[in-house]
Amino acid sequence: MLKIFTLLVSVSFVCVASVIPEGMLPQLDGRIVGGVVTTISSHPWQVSLQRSGSHSCGGAIYAANIVVTAAHCLQDVTATVLKVRVGSSNWHEGGTLLSVAAFKAHEGFSSWTMVNDVAVIRLSSSLIYGSTVRPIALASKAPEHGAAAVVSGWGRQAFESGSLPDTLQYVNVSIVSTQSCASSIYGYGWQIQPTMICAYAKGKDACEGDAGGPLVSGDKLVGIVSWGYGCAFPNYPGVYADVAALRPWIIRAASGL
């Protein structure tokens, strides 16, 4: 299981974050905290990435046979145990369940720093687009600081407790620029790198349950759920792979996979 760090209530979040050693960044998997039930027709690019029959991560449809997800979702796994469910509001039934033919993680991904946390998956067959299955365009420019965004996924709705909800959830958040997220306004400091972008809303966040899921703003994929400190902790935005910064790699990798 991916690394999650539990804080004592009495400990200052800012101080704790400042002493996390490099290589121990908590990797979060997209649980929607403070979420609202939604339908796949409202997020038709959303997929459930599954390992050995269980929901593992989220992802977004980029092309008829290509899904974009997080690199850390594909660590220590082979394509033979992976499947992708598309076109369903429920991760465990409905829609279409497809095998994975191949995948490629960014060569520069580091599980120590979480830079370049992006990967592409090639499906075993091409998708048929419709109202519940549709690709989403990659952002070519990061949204402005404060821009409205939506993150969706399946996962626990309280920090480190509860079972996965059956139905897709979403929350509305606001973009926090890379510069602002790395500033003294928030608790991350040097941990925020140029290939990352943040998003924040009080009491709302993405966390355990499906990293690799989509952060969408202006009808474009702007981020990929990557990591964070706790879930909806004050002063700690969710951290996402910055799609605009990683767009050239995604395009090249998808075309060569």
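- Qualifying salt bridge (Lys or Arg N to Asp or Glu O under 4.0 Å) partners for Glu107, counting only residues two or more places apart in sequence or in other chains: Lys104.
- The stretch residues 127-147 participates, sequence neighbours left out, in no salt bridge (Lys or Arg N to Asp or Glu O under 4.0 Å) pair at all.
- Listed by chain and number, the residues in a side chain to side chain donor-acceptor pair (under 3.5 Å) with Ser52 amount to none (sequence neighbours excluded).
- Using a 4.5 Å heavy-atom threshold, the side chains of Tyr62 and Leu221 count as separate.
- Below 30°, between 30° and 60°, or above 60°: for Tyr170 and His43 the angle between ring planes is between 30° and 60°, a tilted geometry.
- For residues 212-221, the set of pairs meeting the side chain to side chain donor-acceptor pair (under 3.5 Å) definition, not counting sequence neighbours, is empty.
- Listed by chain and residue number, nothing satisfies the side chain to side chain donor-acceptor pair (under 3.5 Å) test with Ser180 (two or more places apart in sequence, or in another chain).
- Residues forming a side-chain contact (heavy atoms from CB on, under 4.5 Å) with Ser89 (at least two apart in sequence, or on another chain): Thr39, Ile40, Thr167.
- Taking the six-membered ring where the residue is Trp, the centroids of Tyr236 and Tyr186 are separated by 6.0 Å or more.
- For the side chain to side chain contact (heavy atoms under 4.5 Å, CB included) test with Thr78, the passing option among Asp76, Val81, Leu82 is Val81; the others fail.
- For Gln50, the side chain to side chain donor-acceptor pair (under 3.5 Å) criterion is met by Ser48, not counting sequence neighbours.
- Applying the side chain to side chain donor-acceptor pair (under 3.5 Å) test to Ser99 and every residue at least two apart in sequence or in another chain returns Lys83.
- For residues 114-131, the pairs satisfying side chain to side chain donor-acceptor pair (under 3.5 Å) are His72-Asp117, Asp117-Ser226, with sequence neighbours left out.
- Among pairs with a residue in residues 241-257, none fulfils salt bridge (Lys or Arg N to Asp or Glu O under 4.0 Å), at least two apart in sequence or across chains.
- Among residues two or more places apart in sequence or in another chain, the side-chain contact (heavy atoms from CB on, under 4.5 Å) test is passed with Ala182 by Ile192.
- Under the side-chain contact (heavy atoms from CB on, under 4.5 Å) criterion, Ser88 pairs with Arg85, Asn90, not counting sequence neighbours.
- For the pair Val150 and Val173, the minimum side-chain heavy-atom distance is 4.5 Å or more.
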*List the steps and the verdict of side-chain contact (heavy atoms from CB on, under 4.5 Å) for Ile136 and Ile61.*
CA-CA 6 Å; Ile136 187 166; Ile61 299 169; over 6 Å; no

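- Only one option out of Leu257, Leu74, Asn65 pairs with Ile121 in a side chain to side chain contact (heavy atoms under 4.5 Å, CB included); it is Leu74.
- Ring planes of Trp91 and His55: tilted class, angle from 30 to 60°.
- Cluster membership for Leu49 and Leu97, using ILVMFWY side-chain heavy atoms within less than 4.5 angstrom, is not shared.
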